[in-house]
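Below, chain A is the first sequence line, B the second, and so on; all start at residue 1.
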Number of protein chains: 2
Amino acid sequence: MDSNPPLGRKVTVRDIAAGCGVSRATVSLVLRGSPLVNKDTRARVEEELRKQGYVYNRAAANLRRRTSSSIALVINELANPFFAEFAAGVDDVIGEAGMVTLLGSSSESPKREQAVLGSLIEHGPGGIILSPAEGSDASQVLAAVGARTPLLLFNRELTGEQPEYAHWDTLAMDNQQGAREATAHLIAQGHRRVAFFGGHRDSSSCRQRRAGYREAMQAADLPVAAHWEVECLPTRLEAAHCAQALFDVEPAPTAAVCYNDAVALGLMHGLLERGLAPGRDFALTGFDDIAEAALATPSLTTLAAAPRARGRQAAQMLLQRLREPDAETRRIVAPVQLVIRASSCPPTA
Amino acid sequence: MDSNPPLGRKVTVRDIAAGCGVSRATVSLVLRGSPLVNKDTRARVEEELRKQGYVYNRAAANLRRRTSSSIALVINELANPFFAEFAAGVDDVIGEAGMVTLLGSSSESPKREQAVLGSLIEHGPGGIILSPAEGSDASQVLAAVGARTPLLLFNRELTGEQPEYAHWDTLAMDNQQGAREATAHLIAQGHRRVAFFGGHRDSSSCRQRRAGYREAMQAADLPVAAHWEVECLPTRLEAAHCAQALFDVEPAPTAAVCYNDAVALGLMHGLLERGLAPGRDFALTGFDDIAEAALATPSLTTLAAAPRARGRQAAQMLLQRLREPDAETRRIVAPVQLVIRASSCPPTA
DNA sequence: AACTTGCTTTGGAACGATCCAAATCTAGCG
DNA sequence: CGCTAGATTTGGATCGTTCCAAAGCAAGTT
């Protein structure tokens, strides 16, 4: 009565069917919880599944059903805590939906991104979430993923025209609004000479943040001196080195809106080296609200982007797209929140 | 002469075969770069592949060949920068090997870990890398993954007996050696009353680090006072609160080996509140070498675990196991490196 | 007895690629 | 011209699951 237990082979529906004297089709129905099967039959089959230690082969099922149970997540830099949080948020929601996440990291290289997309697409993900590498090109991405698989772009824009027949959803952060609010906050504190510090000319996020800064200055009828817009690589060390540039020409600013938290923390360091106490002699704000921001001395006023929530949101948008492939393209710009801490002091009298 | 282009359907080997008048088998050979096919035929087929925009269906191939082209990575807390780096390292190597990473995060919940493992295993990964949630049980893990799929345990031990028939590889950090070196370093600086600060009794990593600490103290013939071993949750805030405990009873220590960097940074804060300058009036060391360690004031002497390198190593170990399924179980304990910075000052005269 | 109705169950044919043994096509040789 | 060796190609069968149309079954109706 005992069916021969499979030796090297995996247990399949066939083994289960043979084991309890029903057909493969019936076992399949049980597996999918169909209401068609008789209570007793179901119990017998389930017992057998347990006994033989059956594991479902989702790849085979997906092949037959022409469905997918995975999505691909391609991140420009996974080691960056911001994106790690984002990835965690994505995986939360994808997991809750009973799907799995195929991970890929491009290390900020468009070339590697191509390769990663090419490899992932062969596994037939239902959709793709892409946080592009810097300089990643729209037509190249399209060539890699094809027009068939829905794609959601996160955080950055692609260079080049976005091919019109590829309707890609977008989730971005409201960089402009954030920088505007930070600048307005410093102005409300009483500052009149406010700088914009750090970031790279080519990066779309930097352009947007700078635009928000200028907008707020203009709205308050304040001029922007040329040397108040300081460019530098978005690393702490670079920022510390460039601090000097703010004070090279008179009149020097009394506050700065920084490109991001790393830059702001670097600037703090640079100020200290010049004998200025950040948060007392000079006010500044960051962007991102990384874990360190709250713990720095002085604690850093910054814009919280809630990367985990963004990850969840991105995954939900993609799942929604899978449900309605033909719905209109969505472009969501998520607001960021100003978190006021000690670094954005009023100017010294 | 032009075969009808597939409309809603994906392009398959069948379409390519029909498109250039060869058999499916030949197309398959071309896809796998077999030397059997004629040069001209290969060229014709490749042209057709390009023209029709064919994408390989790896799931179908894996089904037939009974192979896998993925590995599963289950992380206890992906948002933690240490594990994010680790994941990035794993994905690097897996990607280089032409495979993809199935991602799962357990959020430190053994229950969720079970669910995630169960879901991932259905996708037939060739192997699994697991960084267990705290309290994750060996027999439960075995039940979820079965004895068929190779598993590599990273960083933590599982509770309960490890079932003998499941030969699982292990990659751990040498916590004991690390703590021993840190302690010896403080002793070499001239300290004689050294505390062990922070961490949780139940955690295996804390036990190991404490053992290393005691070993070094013993080797130097130094006594360990009971109140020098302070327990606290491994968070910055808790550590700051518990600082007091070090000074409740005379004689107070002049230095402390901390459970990890977060605790060390918290302790620094707690010392400042008591009017002690860390790195001058009191020496301390951390563990992990998180990004902040180098930038804190004073910069933190700590033990670097190189999470990205560990990720690469873990992936390589697993790939090796896939190559030789019957090789002997490996248990690697990776050394950690003492990075000496400003916080581990000599005692005040 | 013949027929309907509502449950259940079922054998084959897919899904897309690969394996395998056998077929086809050269070219060379006696 | 028949024969063999080597190079190349090929039609099923197959991986594990699901779909589908059809069949079996028990109970009730005319």
Side-chain angles (χ1 to χ4, degrees), chain A residues 3 6-46 48-49 52-70 121-126 146 148, chain B residues 3 6 8-46 48-49 52-69 121-126 146 148:
Chain A
S3 68
L7 259 108
R9 226 165 16 80
K10 276 191 240 169
V11 180
T12 76
V13 280
R14 194 170 230 111
D15 299 311
I16 303 300
C20 58
V22 297
S23 73
R24 296 180 339 269
T26 303
V27 176
S28 175
L29 289 172
V30 170
L31 286 173
R32 282 169 297 151
S34 159
L36 289 182
V37 326
N38 180 288
K39 240 180 159 67
D40 299 343
T41 316
R42 149 160 297 130
R44 232 172 54 236
V45 171
E46 273 168 352
E48 189 73 19
L49 288 169
Q52 294 203 32
Y54 171 81
V55 319
Y56 189 68
N57 184 333
R58 208 166 278 274
N62 282 332
L63 176 59
R64 179 63 178 97
R65 306 180 63 181
R66 304 155 140 276
T67 57
S68 171
S69 57
S70 61
I121 203 77
E122 293 185 351
H123 289 83
R148 175 161 262 89
Chain B
S3 67
R9 225 163 19 80
K10 277 190 240 168
V11 181
T12 75
V13 279
R14 194 170 231 111
D15 299 310
I16 303 301
C20 57
V22 297
S23 73
R24 299 181 335 268
T26 303
V27 177
S28 176
L29 289 172
V30 170
L31 285 173
R32 283 170 296 149
S34 159
L36 289 181
V37 327
N38 179 288
K39 240 182 161 65
D40 299 343
T41 317
R42 151 160 299 130
R44 234 174 50 239
V45 171
E46 274 168 353
E48 189 72 19
L49 288 169
Q52 295 203 31
Y54 172 82
V55 318
Y56 189 69
N57 185 333
R58 209 166 277 276
N62 282 333
L63 176 59
R64 180 60 177 97
R65 306 180 65 182
R66 303 153 143 278
T67 57
S68 171
S69 57
I121 203 79
E122 292 184 350
H123 288 83
R148 177 160 260 89

Working to the nearest 0.5 Å, report the span between [atom1] of [X] and [atom2] of [Y].
X: B:Lys10; Y: B:Gln52; atom1: NZ; atom2: CD; value: 15.0 Å
X: B:Cys20; Y: B:Asp15; atom1: SG; atom2: CG; value: 11.0 Å
X: B:Glu46; Y: B:Ile16; atom1: CD; atom2: CD1; value: 11.5 Å
X: B:Arg44; Y: B:Asn38; atom1: CZ; atom2: CG; value: 9.0 Å

Considering all heavy atoms, the nearest B:Pro125-B:Ser68 contact: C-OG, 3.4 Å
Heavy-atom closest contact (A:Arg9 atom, B:Arg66 atom, distance): CG-NH2, 3.7 Å
Can you confirm whether A:Arg42 is buried at CZ, in the sense that more than 12 heavy atoms of other residues, nucleotides or ligands lie under 6.0 Å from that atom? yes
Along DNA chain C, 5' to 3', what are the outermost nucleotides having an atom less than 4.0 Å from a heavy atom of chain B? C:dG16 to C:dC19
Which parts of nucleotides 13-20 of chain D does protein reach within less than 4.0 Å, heavy atoms only, written one letter per nucleotide 5' to 3' as B for base, S for sugar-phosphate only and - for none? BBBBBBB-
When you check the phosphate oxygens OP1 and OP2 of D:dT8, does a side-chain N or O of B:Thr41 lie under 4.0 Å from one of them? no
Below 3.5 Å, can you tabulate the donor-acceptor pairs from side chains in residues 21-34 of chain A to any protein atom, sequence neighbours excluded?
from, atom 1, to, atom 2, distance (Å)
A:Ser23, OG, A:Ala25, N, 3.4
A:Ser23, OG, A:Thr26, N, 3.3
A:Ser23, OG, A:Thr26, OG1, 3.2
A:Ser28, OG, A:Arg32, NE, 3.4
A:Ser28, OG, A:Arg32, NH2, 2.8
A:Arg32, NE, A:Ser28, O, 3.3
A:Ser34, OG, A:Leu36, N, 3.0

For B:Arg58, enumerate each residue passing the side chain to side chain contact (heavy atoms under 4.5 Å, CB included) test, keeping only those at least two apart in sequence or located in another chain. A:Glu122, A:His123, B:Tyr56, B:Asn62, B:Ser69
If an axis is fit to five pairs at each end of the helix from C:dA1-D:dT30 to C:dG30-D:dC1, what is the angle between the two, to the nearest 10°? 80°
